[in-house]
Amino acid sequence: MNDFIKDFPAFDDRRYIYFDNAATTQRPRCVTEAIEEFYRSKNANPLRGLYEWSIKATDAYENAREKAAKFIGAEKACQIVFTRNATESINLVAYTYGEENIGAGDEIAVCASEHHSNILPWQRLANKKGAKLVWLEVGADGAIPESEYAKIGEKTKLVAVAQVSNVLGQPKPIKKICETAHKFGAVVMVDAAQSVPHMRVDVKELDADFLAFSGHKILGPMGIGVLYGKENLLLSMPPFLRGGEMIEYVTRESATFAELPHKFEAGTVNAADAAGLDAALDYAQSIGFDYIESQDKKLTALLMDGMSKIPHIEIYGSKNPDEHCGIVTFNVEGCHPHDVSSILDTDKICVRAGHHCAQPLMQSMGVPMGSTCRASLYFYNTEEEIYRFCEKLAKVREELGYGS
Amino acid sequence: MDLKQMYREIVNEHNLHPSHKHDTENPSVVLRGVNPSCGDDIFLQLKIEDGIITDGSYVGSGCAISQASADMMLDLVIGQSEDEARRLADVFLRMIKGEASGEEIESLDEAAALENVSKMPARVK
Ligand SMILES: Cc1ncc(COP(=O)(O)O)c(C=O)c1O
């Protein structure tokens, strides 16, 4: 057992095996403490008041922005827009940048393994504008075959791609995708919801135009997310939501808008959860991505090895455990994933079952009933949990009435 | 009854060896039930004569619980009047939402074993 466990109140009950980290991670105590501390000692509406508490609240919020900017290598804090989650971040881009820059006959290239969050905003935009969605197909391992890149061309205005798929875990060559897109003047929307928790992400090195992630998938609270954008793009974009906090000057007829990033943050902001995210990013940094990645690889290898010894289990994606970012999607032959997950639940094992908000991918993978089970790990999981999981998984078929 | 026991004693048998999973010849009605969130897709086929369900079956796919439910409910409704079948279906739905009385649940016979499903919100759709 490693000693991170003690930082996580959820693991006080050691009977539970939490293998649904791709859905949301657990939160270390320092995160909930930071939120509590915000409400205890600086609870005032940030960005408005001129008194001490409000100034402290503003500082907490803006410090979190600085932290997030540094965490992903953004040059300036104003390139970080706080949202509710990755989904809202992507929608923000679709409703502002997309509305302004994508029109009839244009193409939006979307990777076929995307989460619905990085499909539906583009699907809506394409339908509304008469633009076309062009699918970058993925192979069985989750990688985009070289030949697919030829679909990015003169008509492409935007490429939507997740750095790590939440189903197959396979990391995508974002830098190369950006290079290709930029050759044709297209921008790239990187969904980093699954990558930011597992690997060092540097927006400048990737040359990403937009990048989104959720706080709750990297140890932070639910309800706070990040959108990074290149400054010139953010400057050129109209506001997303309108109301308080995002204006410069308002008359009965018109308004001018606040500077970056406030232009995109209408209404009272989620400062407490931003403070929680700040603490979460500190915590992740203290663990370090060297450790997180080595643990991902070690545990995933152990898990895939253990599972491959159990008959009637099919694992999807790359055969190489290093290409999974802790995500192992599988099926038990003849058993519906919901039944598998319910049986594992009786052993206090938490795994996800269903389409994982990636129905187009499920359709192209041709999995039975469009659904799979998914075990997803994080650095705090242990070898012992993996042994216990495999032991219980081996019994599922029998529990569901098969001879064995 | 715990969940494993529910599978072992009731669900698995109906799922793996259903009595009613086949086509009905000349059905009077065919009803499709789809739950896209879990990929359940079931066609219920009923033969109704003079207000009585004289025969019925289902085809399609889904999780063991949904398949077993269909099989058990057919056990229950074949031979009943349409009204009684509607009542039983209503009791079943209320049972899995946790809203049916003990007495009502008893009238579901074997299907009463699925009462536990009410504790699985993702399954109640
Ligand atoms: C790859 C990917 N993109 C987007 C999302 C959406 O995240 P959220 O629900 O926090 O907006 C998720 C999480 O489910 C994800 O795994």
Side-chain angles (χ1 to χ4, degrees), chain A residues 15 20 23-24 115-116 119-120 167 312 316 329 331-374 391-404, chain B residues 1-21 32-44 58-73 75 95-98 110-111 113-125:
Chain A
R15 290 174 306 163
D20 196 15
T24 194
H115 188 281
H116 295 162
I119 297 176
L120 298 190
V167 176
H312 308 290
Y316 301 102
T329 292
N331 262 324
V332 183
E333 190 191 324
C335 303
H336 192 284
H338 281 207
D339 296 314
V340 174
S341 171
S342 287
I343 293 293
L344 290 172
D345 177 53
T346 63
D347 294 313
K348 302 217 175 303
I349 294 171
C350 315
V351 297
R352 185 75 180 271
H355 51 62
H356 316 293
C357 302
Q359 285 185 7
L361 174 63
M362 294 287 138
Q363 288 149 14
S364 57
M365 284 163 70
V367 296
M369 289 178 270
S371 120
T372 57
C373 302
R374 179 186 71 190
E391 188 187 310
K392 298 297 183 188
L393 181 64
K395 296 193 178 132
V396 163
R397 251 182 136 252
E398 200 177 327
E399 292 293 347
L400 288 172
Y402 290 92
S404 89
Chain B
M1 185 183 312
D2 82 10
L3 196 78
K4 273 186 185 151
Q5 207 181 347
M6 178 184 98
Y7 274 99
R8 241 182 261 143
E9 293 180 6
I10 315 272
V11 173
N12 292 343
E13 182 58 25
H14 283 280
N15 178 42
L16 298 176
H17 310 288
S19 327
H20 304 289
K21 189 169 180 174
R32 185 175 186 187
V34 187
N35 180 346
S37 84
C38 46
D40 289 354
D41 193 356
I42 289 183
F43 292 88
L44 179 67
Y58 74 100
V59 289
S61 61
C63 71
I65 293 181
S66 79
Q67 297 277 295
S69 308
D71 205 49
M72 282 189 263
M73 286 307 282
D75 272 346
M95 173 182 79
I96 60 170
K97 290 181 190 155
E110 218 186 0
L114 296 181
E115 194 185 347
N116 263 349
V117 173
S118 66
K119 299 191 191 90
M120 299 189 268
R123 291 289 186 88
V124 181
K125 282 204 186 104

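Below, chains carry the letters A, B, ... as their sequence lines are ordered, and counting in each starts from 1. All values derive from a computational prediction rather than experimental measurement. Worth knowing before you read on, the calculation uses all heavy atoms, side chains too, and leaves out hydrogens, waters and symmetry mates.
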Which atom pair, heavy atoms only, marks the closest approach of B:Ala64 to A:His336? N-CB, 4.4 Å
Check B:Leu16 against A:Leu400 and note the closest heavy-atom contact, atom names and distance. CD1-O, 3.5 Å
Shortest non-hydrogen contact between B:Cys63 and A:His338, atoms and distance: CB-CB, 4.3 Å
OH of B:Tyr7 to CG of A:Asp339, rounded to nearest 0.5 Å, is 3.5 Å
